[in-house]
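Okay, structure first, notes after.
Naming: A, B, ... by sequence-line order, numbering from 1 per chain. On a predicted model such as this, the values are computed, not experimentally measured, just so you know.
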Protein chains: 2
Amino acid sequence: MNRKITSMDVAAKAGVSQSAVSRVFTPGSSVSEKMARKVRDAAEELGYRPNVLARSLITGSSRIIGLVVAYLDNPFYADALQKLSEALDQEGYHLLVFMAGNTQGDVDHVIESLMDYQVDGIITASINLSGELAERCARAGIPVVCFNRSVIGEGLSAISSANRAGGAKIAAFLAAGGHQRCAHISGWQGSSTGRERAEGFAEGLSEAGLEVHAQIDGMFDRDTAMNAAQTLMQMSEPPDAIFVGNDHMAMAVMDHLRFVMGLSVPNAVSVVGYDDVPMAAWPSYDLTTLRQPARRMVDATVQEILTRITTPDAPVRRIEIDGPLLVRGSARLPKEAP
Amino acid sequence: MNRKITSMDVAAKAGVSQSAVSRVFTPGSSVSEKMARKVRDAAEELGYRPNVLARSLITGSSRIIGLVVAYLDNPFYADALQKLSEALDQEGYHLLVFMAGNTQGDVDHVIESLMDYQVDGIITASINLSGELAERCARAGIPVVCFNRSVIGEGLSAISSANRAGGAKIAAFLAAGGHQRCAHISGWQGSSTGRERAEGFAEGLSEAGLEVHAQIDGMFDRDTAMNAAQTLMQMSEPPDAIFVGNDHMAMAVMDHLRFVMGLSVPNAVSVVGYDDVPMAAWPSYDLTTLRQPARRMVDATVQEILTRITTPDAPVRRIEIDGPLLVRGSARLPKEAP
DNA sequence: GGTCAGACTGCATAGGTATGCAACCGGAAT
DNA sequence: ATTCCGGTTGCATACCTATGCAGTCTGACC
């Protein structure tokens, strides 16, 4: 209702100039102890706080980071969002959230809006960025960091887990468990994440003298993954192990195998996931999976975006973070060495 | 790298005044067809887009809504966040996200930061707001809407489900199922949500000639809920039904009962939840639960915040949205009428 | 006491846009 | 032809803060 309190109001009340007030609220400025106290008192009394928007108009820094994300029903991303927000808060930045499907027009539109807000940086999660768009951001001087998804072409930093190595680890584990027919319900093959895990899995199997028994794209979608599981198990030679491209789908697959098809996991078929979302540890699933260390990925993402903001021509980095295989009960174990 | 494109640049290129450019990008302004075309062409060519921050400095409207949320590991809130973002995007608003614990200092701090960004409105989810803070927002003219949590005192709009009625529905259902000893692992009793559901449950039971067999606060936390389940089942007269204050905890309780205590659900004990998160429908849980209609709650929230923004002295409203009981397999069913 | 360095402080302006006001234009009505 | 009016346009200013520059003040040192 009543007008906004401005630095001028505080200046008047404290009997000083507006610049003085500004300086008191700008860390690193030269102000005397006495002045600082006078101003702080007046500000306190009036309930003054600097206007971030007006400030950013001058400094050119809005302290807003745009986050573009496709799914939030996958708890891995919900968790990442929470951790990102907390980590950035620590540094005085905050997240402006945009949901985007993975269609090109959608993403384009979102990035445009994002730039309208003069964001200091952009983090994309589970999003494919066109090279052209990346180019525009670069020209506008806005750093972009891809979380858990890399992008075609150069110019963007990307943080992901070591997907290829992870896929290979899983392959080795299944092979050691004596599985003969290892199938893969992959993550969306239009994503680097989905492709790399599949490639790593194939390489790992071939290293063990096996090959991928069958592979179907699960599109990161529960229903699609369930259908894939159905198809796989109806093959003339059904698999004895299925590596599913992420936990979200893996749990759907387990549900389908157990409750629709009446198959025992892991006795009839082993299931392994990827991500280690919290639910994977719940006893109903007890899912063997490869952990993506969300905490470390988030920390790396935050650090990367901050350096790119403060040092615009820092080199673009691609960081892969290694994660351990968490052996639980959804896949047959390797035999102990005798 | 290269300077930002401003309305002045466009004006120069199009050979018109800066005001003209501004008007072209301000819906509802008076501009001739010819002028609009000239300006749009120039803008297109230069890649100009209005600076939202500078604009908001004048209009006093940032088109940013602050969202304060405590948990994102409860998928109900992750889902709500996604739906909120999409619905607001539709109206040209966007969400600035803040995580806050439920400690007072935490929330205070967050709201202060929020106001620094000159947000047009605040949505709190699963957060308790102090009356004093509410007062400050009101004085600053910033409307606040509480999502799924009401607040002590007046002054704030609140959208929630009909928690009391929901609790009562569950009580009636359990009573009809012939349960004799109905216990409650409640939501956090420091929250209106948790309290109202508990009260409704008690009222519903008493209506059926029963009373609450035992009640323990689950604090909306998985581990606390599991401990509560353990305690309940070790009573000299253990319950034959447990209403758990939300799905998130209910699934933990089911896991604990089944896998740690070796009890069958629903044969040994019935379990009912609240929320109907997507996972509740998954066959591993097949959880009987009361649906909170997220979509409708979000729509109501968006509409409420928008009217409060455009009409500052619109009356504060408390909206309760009714949801159906979804009968699945985690609780013994009422006998068919003979 | 005079000088000088250094620490503060105020003045004036910039940053990008929206908007009240006055000027302008064309056309219709008289 | 004159008047008047509605529709457009440009000018100037406001929104709120940060910062370069120049001026002031303090204290120390010779």
Send over the distance from A:Met35 CE to D:dT26 C1', rounded to a whole Å. 15 Å
Phosphate OP1/OP2 of D:dA18: any A:Ser29 side-chain N/O under 4.0 Å: no
Atom pair distance, as rounded to whole Å: CG in B:Leu53 and C1' in C:dA14: 16 Å
Is the shortest side-chain N/O distance from B:Ser17 to OP1 or OP2 of D:dC11 below 4.0 Å? no
Map A:Leu57 and A:Val16 onto DNA chain C by nearest heavy atom, then report which one ends up closer to the 5' terminus. A:Val16
Is any side-chain nitrogen or oxygen of B:Ser7 closer than 4.0 Å to OP1 or OP2 of C:dT17? yes
Which residue lies toward the 5' end of DNA chain D, A:Pro50 or B:Ala20, if each is placed at its nearest nucleotide? B:Ala20
Whole angstroms only, please: what is the CZ-P distance between A:Arg63 and D:dT17? 17 Å
Do you know the tightest heavy-atom contact between A:Phe25 and A:Arg55? O-NH2, 3.5 Å
So, taking the atom named CG in B:Asp89 and the one named CE in A:Met99, what distance separates them when rounded to the nearest 0.5 Å? 10.0 Å
Pair B:Asp79 + B:Lys83: basic N to acidic O under 4.0 Å: yes
Hey, could you give me the CH2/OG distance between B:Trp188 and B:Ser126, rounded to the nearest 0.5 Å? 10.0 Å
Rounded to the Å, how far apart are B:Lys34 NZ and D:dT8 P? 11 Å
Any base atoms under 4.0 Å from A:Val21, or only sugar-phosphate, or nothing? Heavy atoms, all strands. nothing
Looking at C:dC8, C:dT17, D:dC16, which one has an atom nearest to any side-chain atom of A:Asn51? D:dC16
Taking OH from A:Tyr117 and P from C:dT17, how many angstroms apart are they, rounded to a whole number? 15 Å
Testing the basics here: between B:Ala42 and B:Lys13, what is the closest heavy-atom pair and its distance to 0.1 Å? CB-CG, 3.8 Å
To the nearest angstrom, the CD1-P distance between A:Ile5 and D:dC15 comes to 14 Å
Can you figure out which of C:dG16, C:dC11, C:dT9 approaches the side chain of A:Ser19 most closely? C:dC11
Options D:dG10, C:dT17, D:dT9, nucleotide nearest the side-chain atoms of B:Arg55: C:dT17
Among D:dT17, C:dG16, D:dT8, the one nearest B:Thr6 by side-chain distance: C:dG16
Roughly, in whole Å, what's the span from CD in B:Glu33 to P in D:dG7? 15 Å
What nucleotide among C:dT17, C:dC11, C:dA7 has an atom nearest to a side-chain atom of B:Gln18? C:dT17
For a quick check of understanding: with a heavy-atom distance under 4.0 Å over all strands, which category does B:Thr59 fall into, base, sugar-phosphate or nothing? sugar-phosphate
Compare the minimum distances between each of D:dT17, C:dT17, C:dA18 and the side chain of B:Ser22, then state the nucleotide with the smallest one. C:dA18
Selected nucleotide, minimal atom distance to B:Ile58 side chain, candidates C:dG16, D:dC16, D:dT9: C:dG16
For the pair A:Gln82 (side chain) and B:Leu72 (backbone), establish whether a donor and an acceptor sit closer than 3.5 Å, ignoring hydrogens and angles. yes
Measure from the side-chain heavy atoms of B:Arg23 and tell me the nearest of C:dT19, D:dT8, C:dG10. C:dT19
Mind calculating the distance between CZ (B:Arg49) and C1' (C:dT17) to the nearest angstrom? 15 Å
